[in-house]
Every structure is written in C-alpha cells, then in structure tokens.
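Both backbone and side-chain heavy atoms feed into the values below; hydrogens, waters and symmetry mates do not.
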Amino acid sequence: MLTFFSAGTGGAPPPAFLLTGINFKCSNSRRLTIWAGEFPDFLPKQVENIKDPYARKLASRIERIPVNLSKGCVMSSCVKPKEQTEANPVVLLHGFDSSCLEWRYTLPMLEDAGLETWAVDILGWGFSDLGRLPSCDVASKRDHLYQLWSTHIKRPMVLVGPSLGSAVAIDFSVKYPEAVDRLVLIDASVYAEGTGNLATLPKAVAYAGVYLLKSLPLRLYATSLAFNGLPFSTCIDWTNIGRLHCSLPWWEDALVNFMISGGYNVISQIEHVKQKTLIIWGEDDQIIDNKLAVRLHCELPNAILRQIPKCGHIPHVEKPDAVSRLIADFVRPDQSQRANPDSVSTISVPS
C-alpha cells in the first residue's frame, strides 16, 4: 500500500498535518477555545481528543449541505464562508484520503485577507454522509463537485488543489471550464497513471490494504517521514487529525471503490487547461520531485510558478502564511505579477 503514495506513482503519503516553524498572528477576536458539544454531531467522537486549537476551530465549522446526484442526495461536508463578497470565491480541495481539516491554518488567513473561502470535502473522503454509498470513482467525484458548485456556489471560482487534489482540479476545470475562473495547484500530483496495479487487486486484498492504511502506526510513520524534529506528542495529534475521517463507517468501502476504479490520470488533460494557473511548490518536497513543478509550468498554457524555500509537500500546513499570501496576490494580482505573468520565482518566508 505504501507504494501507492510514493513519488514513483505520483501520489502522496497519508496526509501528515504538521506545523513547523510557522509564524503567524491571531487577532484578539479569533477565539480558539472549542468546548465539547460545539462540534457537529456527525463528526467521529475522536474529534474531542484533538488538541490542535486550529483544527478544533475549523472542525466546529464543518457542516453538511445537500448535493443531488443521479442516484440520490448526498449530505456533503464542507466549511462555508463566513460572508459573501463580490469577488469570485476561493474553493479549497484537499489531497488523497484527507479532509477539509487540511486547511485549518490557511483558511482563516484567506478569510482575514477578505476572500470568500470554501473548503470542500471530495466525494468519498472527508465527513460527508455516505450511508447510501455512491460510486466514488473519478466521474462521480467530478459530478459531485459540479453539483455542489452549481447548487451552492454558482459563480466562477478560484479552485485550489493540493497534491492529488490538483488532479481533481485539472480534471474538473477541463470538463467544466465555465465553473473555474483560475486554478491554484500545490505540490501537484498530476503525473500518475491512476492507481496502477492497485486497480487489479482482489477486493479482499484491497480491503486488507485499506485497513492497514488506517492504522495509527502507518500514519504516524508517514508523518515522521514528512518532517523531521517534530515532538512525538505533536506528531501523534496531527496524525490523529489526518485519520479522523477514517472512523466513519463507510470510509473503507469508499476508498476501495476509488482504488479499483483506476483513479486519476490527467496527463493528457494538462495541455487543455485554459485557466490562468498558480503553481505553488515546496522546494524541499520529498514526495514529488521538484522537477515536476518545472515540467508542469512548461506544459500548462498560462501558468505562474512560485516555490517556497524550506518547505515540504504540504505548504498550506507548513507555511500557511506564505500560501495564503500567494493565493491572495493571485486572486488580486499586483502590478509586478501583471507585468510578468509567466515568471518563475522563489519567495522568502520570514522565520
């Protein structure tokens, strides 16, 4: 199972929600204390054990909204914006087998920057109600996102996809260009040819592998590989945030369904992306080769590449101040970006 998340297949390890060296401020009005009972009752009870105040704060805002699919309505989990603005909304996806909690640091910063910001759980992952399990293949994930957009968002969006979420974003923007004004791709996993040999596994073997994937030791190991020097107690807490959605009863079925369906293969779609695109990449990404950032920049017709020094595979967790600033500048471009839209540059992040 670990090979599925390796750089060789273009995937990423189970999300390691880590915070190292982050330097940002909270306004006095932003209360981070969340008491038991303030979480939505559909979240797994393990949410009460999470210590990270930003994760607890964002978890308290998760809600389910109705999304009508061909075979029925799915109550779909997301974090809705606090207020609507005149500008196009920013819609945050997440990586493979993750949830909107991946955005616990960056989303508040985007809101503080005055952006209308959504965080949406991709069908089959996160905290949606899948009691009547729909198909969770690529086509279903695409249709679910479109139906959510057309019902609740209704305006062209700045679609943000990290890791495998970049493949979701590219696939969606090519199919529904009217729904996407701009793209932001973060350490993009877009050169994998689907789930590879995992698609041919017998179901019993696939379920055994998925059960292992949920295990705390494996997730903790992946977390420790992503960053060095994290205190063990913090590593445990962030690992538990990353696997919280795995406690939902339909998680295994949904993940196996996605795996055996073949997964995402968007290589041929990249050249058809018409939207202006911001590529963000951590210079120290140990999961996906930094050379692929340059390749993606060359293959996308209208792209900007920004690299973040001393940062790994999940910049929106490790360097949320830098990522939020880049997204805000991209949504409301300054004069230098308008003058040189295809530049490749590195930003300096204050320590």
Set out, in order, the CA-CA distance, both residues' side-chain angles and the distance that settles side chain to side chain contact (heavy atoms under 4.5 Å, CB included) for R142 and V168, then state yes or no. CA-CA 7 Å; R142 182 195 311 126; V168 178; over 6 Å; no
If you apply the rule side chain to side chain contact (heavy atoms under 4.5 Å, CB included), what do you find for F172 with K141, and how did you get there? CA-CA 9 Å; F172 184 84; K141 292 179 189 295; over 6 Å; no
Under the side chain to side chain contact (heavy atoms under 4.5 Å, CB included) rule, what do L159 and L93 come out as? Steps first, then yes or no, please. CA-CA 8 Å; L159 188 59; L93 303 176; 3.9 Å; yes
Could you go through the ring pair (Phe, Tyr, Trp, His ring centres under 6.0 Å) check for H316 and W103 one step at a time? CA-CA 7 Å; H316 49 299; W103 292 100; 4.3 Å; yes
Would Y191 and E299 satisfy side chain to side chain contact (heavy atoms under 4.5 Å, CB included), going step by step from the backbone distance to the final call? CA-CA 12 Å; Y191 290 109; E299 293 182 358; 3.0 Å; yes
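In this structure, K57 does not pair ionically with E111, as no charged nitrogen and carboxylate oxygen lie closer than 4.0 Å. Remark: K214 engages E252 in a salt bridge, criterion side-chain N to carboxylate O under 4.0 Å. Using a cut-off of 4.0 Å between Lys/Arg side-chain N and Asp/Glu carboxylate O, R306 and D329 are scored as not salt-bridged.
Between the side chains of D129 and W250, not a single donor N or O lies within less than 3.5 Å of an accepting N or O. S140 and D137 are linked by a side-chain donor-acceptor pair at a separation below 3.5 angstrom, with hydrogens and angles left out of the test.
Using a 30° and 60° split on the angle between ring planes, H245 and F127 fall in the perpendicular class, above 60°. Between F96 and W125, the ring-plane angle classifies as perpendicular under the 30° and 60° cut-offs.
Nearest heavy atoms, V266 versus A167: CG1-O, 3.6 Å. The minimum heavy-atom distance between D181 and P156, with the atom names listed, is CB-CB, 4.0 Å. Here the closest heavy-atom approach between residue M259 and residue A206 is recorded as CE-CB, 4.5 Å. The minimum heavy-atom distance linking A169 with L183 is given by the pair CB-CD2, 3.8 Å. Closest non-hydrogen pair, E283 versus N290, comes out as CA-ND2, 3.8 Å.
Looking at E102, its side chain does come within 3.5 Å of a backbone N or O of G95 through a donor-acceptor pair. Checked by atom type and distance alone, the side chain of D187 never pairs as donor or acceptor with a backbone atom of P315 at under 3.5 Å. Of the possible donor and acceptor atoms, one in the side chain of R182 sits under 3.5 Å from a partner among the backbone N and O of F330. One N or O on the side chain of E318 and one on the backbone of G312 form a donor-acceptor pair closer than 3.5 Å. At least one donor-acceptor pair under 3.5 Å links the side chain of E116 to the backbone N or O of T85. Of the possible donor and acceptor atoms, one in the side chain of R104 sits under 3.5 Å from a partner among the backbone N and O of L101. With N265 contributing its side chain and G194 its backbone, the two residues share no donor-acceptor pair below 3.5 Å. S324 contributes no side-chain N or O that, together with a main-chain N or O of L110, makes up a donor-acceptor pair within less than 3.5 Å. A side-chain donor-acceptor contact under 3.5 Å links R56 to the backbone of I50. Between the R155 side chain and the A87 main chain, a donor and an acceptor come within less than 3.5 Å of each other.
Between I270 and I170 there is a side-chain heavy-atom pair separated by less than 4.5 Å. The shortest side-chain heavy-atom distance between P44 and L248 falls under the 4.5 Å cut-off.
Take D285 and apply the side chain to side chain donor-acceptor pair (under 3.5 Å) test, not counting sequence neighbours, and it matches H313. Evaluation of the side chain to side chain donor-acceptor pair (under 3.5 Å) rule for D253 yields Y207 as partners, not counting sequence neighbours.
The neighbour count for E83 CD, taken as heavy atoms of other residues, nucleotides or ligands under 6.0 Å away, does not exceed 12. Counting heavy-atom neighbours within 6.0 Å of F42 CZ, excluding the residue itself, gives a total above 12.
K175 forms no cation-pi arrangement with Y146, by the criterion of a distance under 6.0 Å to the ring centre and an angle within 45° of the ring axis.
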